[in-house]
Amino acid sequence: MLAFTSGKLIGLIILLFGLSLGPEMALADDPTTAELATAINTMWTLLAAFLVFLMHAGFTMVESGFTRSKNTVNIVMKNFMTVALGVVIFFIVGFGLAFGADKGGFLGTTGFWLAQTEGMDFGIPLLAFWFFQAVFCATSATIVSGAMAERTRLMSYLVFTVIITAFIYPVVAHWVWGGGWLQKRGFIDFAGSTVVHSVGGWSALIGAALVGPRLGKYGPQGEVHPIPGHNIPMGALGTLLLWFGWFGFNPGSTLSGTTPAIASIATTTLLAASAAAIASMVFSWARYGKSDLSLTLNGALGGLVAITAGTAVVSPTGSLIIGMVAGLVLVLAVEFFDRVLKVDDPVGAVSVHLVCGALGTIMVGLFATEGGLFYGGGAALLLTQLIGVVSVGVWTSVLAFISFKLIDIIFCLRVPKEEEIEGLDLGEHGMQAYNFKLATEVIAGEEAEGLLQAGQARRPVGQGA
Amino acid sequence: MLAFTSGKLIGLIILLFGLSLGPEMALADDPTTAELATAINTMWTLLAAFLVFLMHAGFTMVESGFTRSKNTVNIVMKNFMTVALGVVIFFIVGFGLAFGADKGGFLGTTGFWLAQTEGMDFGIPLLAFWFFQAVFCATSATIVSGAMAERTRLMSYLVFTVIITAFIYPVVAHWVWGGGWLQKRGFIDFAGSTVVHSVGGWSALIGAALVGPRLGKYGPQGEVHPIPGHNIPMGALGTLLLWFGWFGFNPGSTLSGTTPAIASIATTTLLAASAAAIASMVFSWARYGKSDLSLTLNGALGGLVAITAGTAVVSPTGSLIIGMVAGLVLVLAVEFFDRVLKVDDPVGAVSVHLVCGALGTIMVGLFATEGGLFYGGGAALLLTQLIGVVSVGVWTSVLAFISFKLIDIIFCLRVPKEEEIEGLDLGEHGMQAYNFKLATEVIAGEEAEGLLQAGQARRPVGQGA
Amino acid sequence: MLAFTSGKLIGLIILLFGLSLGPEMALADDPTTAELATAINTMWTLLAAFLVFLMHAGFTMVESGFTRSKNTVNIVMKNFMTVALGVVIFFIVGFGLAFGADKGGFLGTTGFWLAQTEGMDFGIPLLAFWFFQAVFCATSATIVSGAMAERTRLMSYLVFTVIITAFIYPVVAHWVWGGGWLQKRGFIDFAGSTVVHSVGGWSALIGAALVGPRLGKYGPQGEVHPIPGHNIPMGALGTLLLWFGWFGFNPGSTLSGTTPAIASIATTTLLAASAAAIASMVFSWARYGKSDLSLTLNGALGGLVAITAGTAVVSPTGSLIIGMVAGLVLVLAVEFFDRVLKVDDPVGAVSVHLVCGALGTIMVGLFATEGGLFYGGGAALLLTQLIGVVSVGVWTSVLAFISFKLIDIIFCLRVPKEEEIEGLDLGEHGMQAYNFKLATEVIAGEEAEGLLQAGQARRPVGQGA
Amino acid sequence: MKKIEAIIRPSRLEEVKEALGKFGIHGMTVTHVTGCGLQKGKTEVYRGSQYTIDLLPKVKIEIIIRDSSLEEVVEVILNHARTGHIGDGKIFIYPVEEAIRIRTGERGEEAI
Amino acid sequence: MKKIEAIIRPSRLEEVKEALGKFGIHGMTVTHVTGCGLQKGKTEVYRGSQYTIDLLPKVKIEIIIRDSSLEEVVEVILNHARTGHIGDGKIFIYPVEEAIRIRTGERGEEAI
Amino acid sequence: MKKIEAIIRPSRLEEVKEALGKFGIHGMTVTHVTGCGLQKGKTEVYRGSQYTIDLLPKVKIEIIIRDSSLEEVVEVILNHARTGHIGDGKIFIYPVEEAIRIRTGERGEEAI
Ligand SMILES: Nc1ncnc2c1ncn2[C@@H]1O[C@H](COP(=O)(O)OP(=O)(O)O)[C@@H](O)[C@H]1O
Ligand SMILES: Nc1ncnc2c1ncn2[C@@H]1O[C@H](COP(=O)(O)OP(=O)(O)O)[C@@H](O)[C@H]1O
Ligand SMILES: Nc1ncnc2c1ncn2[C@@H]1O[C@H](COP(=O)(O)OP(=O)(O)O)[C@@H](O)[C@H]1O
C-alpha cells in the first residue's frame with residue numbers, strides 16, 4: 001500500500017498547531033501520483049460513505065411516513081439506534097468476521113475492535129474502508145425495522161440489531177466481499193443487492209411473519225384492511241434521500257474515485273431507479289385505476305435495490321430493463337405478501353429489499369455485459385448468481401428464525417395488545433410524535449401568568465428591566 | 001482525452017472478484033498527472049450532479065409545503081415523476097439534441113440513446129457528463145409543476161414533462177452550451193439562469209396562465225384571496241435543500257475540480273443567496289409591516305437563480321449586489337403576477353425562475369469583471385445577454401403555448417371542478433397525504449381483536465408461543 | 001503556495017465560451033502533483049463546507065421540531081436568517097478579525113471585505129478557505145436561536161446574530177485558529193468544540209437566562225411543566241442532517257483531502273456520536289423508566305460536539321469513551337438546567353453545545369494519543385485545555401451579557417405576553433406554519449364558483465376551450 | 001331561545017356564513033365533524049387495496065337564537081347550504097334554557 | 001324526536017357504527033372530542049419531566065332518532081361500546097324540536 | 001339534569017378545569033371549536049396579501065350536571081373564564097332527559 005507515514009506525522013503536527021499554516025503545509029517533497037491516487041480514492045470512499053450514512057435519514061423518513069402517527073416516536077427511535085448500535089457492534093465484532101483473515105472461506109478471524117489489522121490492505125486507509133463497511137452494515141440492519149413496525153418491542157428489535165450486525169450480515173459480507181467462498185466462485189454482487197438488501201429483506205420477512213400482522217390488518221375472513229401511512233410527503237422525502245444516498249452506495253463501492261467506472265455506475269443507478277418508478281406508476285395506474293404514489297416510491301427503491309448487484313457490469317440499456325422489471329415485480333410482490341401470504345409489512349420492505357434484491361442479483365446473470373446470458377456468456381454466471389441468492393437466503397432466514405424465536409422467549413417480540421392499540425409511542429416512550437395546536441393554544445400551567453403579574457424574582461428582562 | 005482504457009479493464013476484473021483485493025488494486029504503472037486530473041474532474045462532476053439530484057427533494061418539499069394538504073400526494077407525484085421521466089427521456093432523445101453533432105447552430109443530431117458518441121469529448125467520461133446534464137434537464141422541467149399546482153391533471157403534466165425534456169430544453173441547451181449560435185455569439189450563462197431556470201420559468205408562466213387560477217383564488221371583482229401553503233417548515237427545508245444542491249449546480253458546472261474557480265463560484269453563490277434573503281426579508285417587512293417567511297425563502301431562491309448565470313465571472317461584491325437586486329425584485333414580481341397579471345402561481349415559480357433568471361442573465365452584462373458594463377467592458381456583452389434572454393423566451397413560450405394547447409385538447413389540462421374542490425389527492429390518486437390520529441386511535445377492523453382471542457392460525461408469536 | 005495562475009486564465013476563457021470544449025480543455029502542460037494536491041484539498045474543503053452549510057437545515061428542523069407549532073414560522077425565520085446574515089457579516093467584518101494579520105495574539109486586522117488578503121496563504125484558494133470559515137461562523141451563531149426560542153423578538157435576535165458573527169466568534173476563532181494566543185499556547189480544538197459550540201452555547205445560556213423562561217414553563221412553586229415539541233420526527237430528521245453535516249465539519253477541518261487523517265477523523269466522529277446516542281438512550285431508560293427519544297437525539301449531538309475538539313488526536317476507542325461520557329452528561333445537564341438552574345432551553349442547546357463542548361475540549365487533555373494524561377502525556381495539555389475553555393467562556397459570556405442587555409434596552413428582548421400566548425408566528429409574521437385541512441375543504445372565496453359558471457374572461461383552458 | 005344546529009358541506013361554509021352575516025347573524029360556533037347517512041362513502045386505494053371511508057367531512061354550525069328569528073335563519077341556511085345532491089346535511093332545532101355572556105354576566109336574549 | 005349523544009372510546013367506534021348499521025341506523029354525526037371523569041389521565045415523560053394528560057381522546061356520536069326507536073338504539077350502543085373498564089363513556093338523551101333535511105326541505109321524522 | 005355548554009378562550013381551559021376540579025366536578029367533555037361573534041377576526045398576511053380569519057379558535061366544555069349544582073357551576077366557570085375582553089365566550093344551558101353510564105348501565109344522576 002502507498003503509505004503516508006511521513007505525511008501523517010506532519011499532519012499531526014499541523015493539527016496540533018492549528019489550521020492556518022501557510023506554505024509549510026505542503027509536504028517537503030511533492031506527493032507522488034500514487035499517493036495522490038490513494039488520496040482521491042480515500043476521499044471518494046469517505047464521501048460515498050457519508051451519503052450512505054444519510055440513507056439512515058431516508059429510512060427513518062420512509063418508515064415513519066408509511067406507518068401511523070401513534071407509532072412514530074418508536075419507529076424513529078428504532079432507525080436512529082440501528083445506526084448508532086450497528087456501527088459500534090460492527091466495530092467490536094462484525095468487521096473482523098467480515099474482513100479478517102479468512103477461515104475456510106466462511107468467516108474472518110482477525111480485526112475485532114480494529115486490532116490485528118496488520119496484514120489488511122484495501123488500497124485506502126483502513127479506517128476509510130472500515131467506515132464505509134460500517135454504514136453499509138447498519139443499512140442492512142435497518143431494513144428490518146420497517147417490516148416489523150408498529151408492533152415490535154424496542155428491546156427485542158435492538159437485540160436483533162445486535163445479532164444481525166455482529167454476525168448474520170458480517171458472515172455474508174465475508175462470503176461475497178471478504179474473500180469467502182462465494183467470492184471465489186465468481187458471484188457478482190457489486191454493491192450488495194444480496195449482501196445488504198436481501199440479508200435485511202430475509203430478516204424482515206421472517207421477523208414480520210413471526211411477530212404477526214398488526215391488529216386489524218386482516219379481518220376474520222382474511223380480508224385485507226389497508227392501514228394508510230400518516231405522512232406521505234415525509235415518505236417521499238425519505239425515498240429521495242435514499243435515492244441520493246444510493247449514489248454513495250453504488251459508485252462508492254468501487255472504493256476508488258480514480259476509476260472511470262464510477263460514471264457508468266452512477267448512470268445505471270439513476271436510470272434503473274427512474275425506469276422502476278415509471279414502471280410502478282404506470283402499472284399501478286393500469287391495475288388499480290389510479291396511480292399509487294406509495295407504490296411508485298417503493299418502485300424507485302426496488303429499482304435501486306435491483307441495480308445494486310450489477311450496477312458496474314451492465315449497460316445503461318441493461319439498467320433500464322432491470323429497473324423496469326423491478327418496478328413491475330415490486331407491485332406484484334407487495335400484493336403477494338399482503339394478500340396471499342398475508343405477511344403484514346407496513347412499508348413494503350420485504351418486496352423492496354428481498355424480492356428486488358434477489359431479482360437484481362439474478363438478472364446480473366442475464367445482463368452482465370461480460371458473462372451474462374443475454375450477452376452470449378452462457379448460463380454459468382446465472383447459475384452462480386442463483387447459488388449465491390439461495391445460500392444467502394437459507395443462511396439468513398435460518399439464523400433470523402432462530403434469533404427471533406429466542407428473542408421472543410426471552411424478551412417477548414411483540415408489545416401487549418393494549419399498547420399496540422394505544423400506540424407504541426405512549427407505551428414504550430411515554431411521548432407523542434406530534435403536538436399540533438391551534439393558533440391560539442392552551443399553555444401549560446396558565447397560573448404562571450398570575451405569577452408574572454405578581455412580580456416574581458425571575459421576571460423576564462424583556463418586560464422592561 | 002485522457003483515457004483510462006487499461007484501468008477500465010483492470011477495474012472490471014477487480015469488480016468481478018470483489019472489493020477486497022489488496023495492493024494489486026494499484027495500477028501496474030502509476031497513474032499520470034493528466035489521468036489524475038481527469039479523475040478529480042470526474043469525481044467533482046459526479047458529486048456535483050448528486051447534489052443537483054437532491055434539488056428534486058428540495059423542489060418536492062417547497063412545492064408541497066406551499067400548497068394545500070388536499071393536493072400534496074399529487075404534487076409529490078409530479079415532482080417525483082419529473083426526475084424519473086426526465087432523465088429517461090433525456091437519455092433517449094434530449095441529450096442528442098443538446099450535445100450531439102451541431103446542425104446549423106440550432107440543434108444536435110447524434111448521441112440519441114447514447115449511441116454515436118464517438119467524437120464527443122468533454123474532458124471527463126461521457127457518462128459523467130451525461131449524468132450531470134440529465135439531472136440539470138430534469139431541474140428545468142420540475143419548475144413547471146409548482147406554478148401549475150393544485151389544478152393540473154397528472155397525465156397532462158407528464159406529457160408536458162416529456163415535451164420539455166425531449167425538445168424544448170435540449171434545444172436551448174444546445175444553443176448555449178452545445179456549440180449552438182448563442183454560445184458562438186459569446187452569450188454567458190454559466191450554469192443556466194436562462195437555459196435551466198428561464199426555460200422552466202417561461203413554461204411555468206404559460207402553463208399557469210392557460211390552466212387558469214385555482215378556484216377561489218380571485219373573487220368576482222378580481223380581489224385576491226391568498227391561499228396559504230399547508231406546511232411552511234417543509235417549504236423551508238425544501239429551500240435549504242435547494243440552496244445546498246445549488247453548490248453542485250453552480251460550482252459543478254465547471255465540470256472540473258482542478259480549476260480554482262470552484263471556490264469563487266461557491267462563494268458568489270453563497271453570498272448572492274444570502275444577500276437576496278436579507279433583501280426580501282427587509283423589503284417584505286417594510287412593505288407589509290411584517291417579515292414574510294414565504295417571500296424570504298423565495299428571495300433566497302431568487303438570488304440563487306440570479307447568480308447562476310454569472311457566478312463564475314462576477315466578484316463577491318458583484319454577487320452581493322446581484323443577490324440584493326434579485327431579492328427586491330422577487331417581492332415585486334410576486335405581487336405583479338399575483339395582483340396585476342392575476343396569474344396564479346402558488347409557489348412563486350415564475351417570479352423565482354423566470355424573472356430572477358432573466359434578471360441575473362442580464363446583470364452579467366453589467367457585473368462581469370471582464371466585459372461587464374460596470375467594469376468598463378462596454379455594452380456589447382449586455383446586448384448579447386439581452387438577445388439570449390429574449391430569444392430563449394420566445395422559443396420557450398411559443399413552444400410551451402402550443403404544447404399546452406394541444407395537451408388541453410387531447411387530455412384536458414385541468415381537473416374537473418369537483419375534483420379540484422375535493423382535492424387532487426383523492427381525485428387522481430384515491431389517497432390522502434396525511435392521516436394524523438389521536439394518541440388512542442380508531443383501528444380499522446376492530447373485529448380482528450375477537451379473532452385474536454379466538455386463537456386463529458396466524459397467532460402472533462409475541463402472544464406467548 | 002501552489003498557484004494556478006495560468007490555469008485560472010484558461011479557466012476563465014473556457015467559462016466565457018461555455019462548457020463543451022473538448023480536448024482543448026486539458027491544460028497545455030500536464031498539471032504538477034503539487035497542483036493536483038491543492039486541487040484535491042480545495043475540493044475536499046468545499047465539499048465539507050457544503051455539508052456544514054446543510055447543518056443549517058439540520059438546526060432548523062431540530063429547533064422547529066422541539067418547539068411548539070405556534071412559533072414555527074418564527075424559529076424557521078431565525079435559523080434561515082442566521083446563515084444569510086451570518087455569512088454576509090463574516091464577509092464584511094468577521095473574517096478579517098479572525099484570520100487577518102495578527103495583532104498581539106488577540107485579533108486580526110486585515111482582510112475585511114476580503115480586501116488586503118495578499119499575505120494570506122491557507123494552502124487552498126482564499127475563497128475556499130473563506131467559504132469554509134463563513135459557514136462555521138454561522139453555525140456558532142445559530143445555536144443561540146434554539147435556547148431562546150418561542151419568546152425572543154426576531155429583531156433582537158437578528159441584532160445579536162450580527163454581534164456574534166461580527167465580533168464575538170471571530171475573536172475566539174483568531175485566538176485558537178488564526179494565530180492567536182491560545183493557538184500559540186498549544187490549545188487543541190481541532191474543529192471547534194470550544195470555538196464554535198461553546199461560543200454558541202455560552203451565548204445561548206446567557207440569552208436564555210436573560211430573556212427568561214417561556215410563560216407556563218415553571219409554576220408558582222417552581223415546579224417544572226414540560227412543553228413538548230410539536231414535531232418529533234422533524235427533530236429527528238434535523239439531528240440526522242446535523243450528524244451528516246458533521247462529516248464535513250470535522251473531517252473538513254483538515255482543509256486537506258490528501259491527509260489520511262480524514263479517515264480517522266470521520267471514524268472518531270461516527271463512533272463518538274453512536275456511543276453517545278446509546279449512552280443517552282440507556283441512561284434515560286434507566287433513569288426515567290422509558291427511553292426518551294428527545295434526549296437520545298440530543299445525546300448524539302452531544303457526542304458530536306464533544307468529539308469535535310479531539311477528533312483528530314484521539315483513537316477510535318478514545319472516541320467511544322468520549323461519546324459515552326457526553327451522552328451520560330447530556331442527560332444530567334438537561335436536568336440541571338431545567339430543574340435546578342431553571343433556565344428554559346426548549347431544545348437543549350446549552351447542554352449540547354456548551355456542556356458537551358467544554359467537556360469534549362477538556363477530555364482532549366486526557367485522551368489525546370500524544371500529550372493526553374491517559375496516554376502518559378502529563379497534565380500540561382489538560383491545563384492548557386482548561387485555560388482555553390475558561391477564557392473563551394469568560395470572553396463570550398461577558399460579551400453576550402452586555403450585548404443582550406443593550407439589545408433589551410434598545411429593542412426589548414422579549415415579545416409581549418399576549419403575543420407569546422398567541423404565538424410568535426401570528427404576532428411577528430402574521431402567518432401560521434401549518435394549515436392542515438380535511439380531505440374536502442373549505443375553499444376561500446367560494447363565490448369564485450359562481451364566477452366560473454357565469455363564463456368570465458379568464459375561463460380556464462381545461463374547461464374545454 | 002333555540003339552538004340551530006346545521007350540519008352542512010364544508011364547501012358551503014363560507015357562503016352560509018356570509019349570508020348569515022348579511023342577515024345580521026354574526027355569532028356562531030363552528031366545528032369540524034364527520035358524518036354518515038344516505039351519502040355514499042369515498043372509496044380510496046392504498047397500495048392496491050381498496051377501502052371505504054364512510055365518515056365524510058362535514059361542518060357543524062351552532063347558532064343560539066331568539067325564538068322569533070328562528071324560521072328566517074333556518075331559511076337562510078337552507079338557501080345557501082343546498083346543492084341538491086345527497087349529503088347536503090340537516091338542520092336540527094333544540095330548546096335552550098339559558099344563555100350567559102361570560103364577559104359581562106348578561107343573561108338571556110341579551111347575551112347572544 | 002330525540003338526540004342520542006354517546007361519548008365512547010375511539011377504539012369502539014367501528015363496532016358501534018357497524019352494529020347500528022345492522023340495526024338500520026345509518027345517519028349519524030361523529031366528532032373527535034376529549035374528556036375527563038373517573039378515568040385516570042395518562043402520565044407522559046418528556047426530557048425527564050413527567051406530566052399528566054387528563055383530557056383523554058373520546059369519540060362523540062350524535063344520532064337524531066324518532067322517539068320510538070330510542071330505547072333500542074341506546075341498547076345497541078350500550079352493548080357494543082362497553083368494555084367494562086372505567087372510561088367507557090356515557091350516553092345522554094336530549095329533546096329535539098325539529099329536524100330538516102337541507103336537500104329537500106323535508107321536516108320532522110321524514111328528515112332523519 | 002342540565003347540560004352546561006361553555007364556549008371559552010383556549011387559554012382559559014386549564015384554569016377553568018382546575019377550578020371545576022376543586023369544586024368537585026371532574027366529568028366533562030371538551031371539544032376544539034371555532035367561533036365568531038363580536039370579537040374581530042385576525043388579519044394575516046401571506047405573500048403580501050392580507051386576509052382575515054374570522055373563525056377564531058375556542059374551546060367548548062360540556063358538562064352534564066344535576067339541576068341543583070347548576071348555578072354554582074355556572075358561577076365557577078364565569079369566574080375563571082372571564083378576562084373582561086370581547087371574545088370571552090358564552091354559557092348555554094340545555095335540558096337533558098336522560099344520562100346513562102355505558103360501563104354499568106346506571107341511569108340518571110347516578111350516571112354522571
Ligand atoms: N339521524 C341523524 N342524526 C345525526 N346526524 C345525521 C343524521 N342523519 C344524517 N346526519 C348528518 O347529516 C349528514 C348528511 O346526511 P345524508 O343522509 O348523507 O344526506 P342528506 O342530508 O342529503 O339526506 C350526514 O353526513 C350526518 O352528518
Ligand atoms: N358530567 C359529565 N358531563 C359531560 N361529559 C362527561 C361527564 N362525565 C363523564 N363525561 C364524559 O364521559 C367520559 C368517560 O367518563 P368516566 O367518568 O371517565 O368513565 P365512566 O363513563 O366509565 O364512568 C369522559 O371522558 C367524558 O368525556
Ligand atoms: N349566537 C351564538 N350562537 C352560538 N355561539 C355563539 C353565539 N354568539 C357567540 N358565540 C360563541 O361565543 C364566542 C364569543 O362571542 P363574541 O361575541 O365574540 O364575544 P363575547 O362573548 O365577549 O360577546 C364566539 O366566538 C362564538 O364561538
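The sequence lines fix the lettering, A, B, ..., with proteins before strands; numbering per chain opens at 1.
Side chains of F/I63 and F/T29 form no contact here, defined as non-hydrogen atoms less than 4.5 Å apart.
For F/L38, the part lying under 4.5 angstrom from a heavy atom of chain D is the side chain only. Only the backbone of D/A111 comes within contact range of chain F, with heavy atoms under 4.5 Å apart. With a threshold of 4.5 angstrom between heavy atoms, F/L78 approaches chain D through its backbone and through its side chain. Interface remark: F/Q39 contributes no atoms to any contact with chain D (heavy atom separation under 4.5 Å).
Chain D forms the most heavy-atom pairs under 4.5 Å with one residue out of F/H85, F/K60, F/R82, and that residue is F/R82. For chain F, the option among D/I25, D/T31, D/I112 with the highest count of heavy-atom pairs below 4.5 Å is D/T31. Chain F forms more heavy-atom pairs under 4.5 Å with one residue of D/E98, D/H26, D/R103 than with any other, namely D/R103.
Between D/E15 and D/K22 there is no salt bridge, since no side-chain nitrogen of the basic residue lies less than 4.0 Å from a carboxylate oxygen of the acidic one. Salt-bridge formation is detected for the pair D/K17/F/D54: a Lys NZ or Arg NE/NH1/NH2 atom is positioned less than 4.0 Å from an Asp or Glu carboxylate oxygen. A salt bridge links F/K2 with D/E97: the closest approach of a Lys/Arg side-chain nitrogen to an acidic carboxylate oxygen falls below 4.0 angstrom. For D/K3 and D/E62, the salt-bridge test passes: some basic side-chain N is under 4.0 Å from an acidic carboxylate O.
Rounding to the nearest 0.5 Å gives a distance of 11.5 Å between NE2 of D/H80 and CZ of D/F23.
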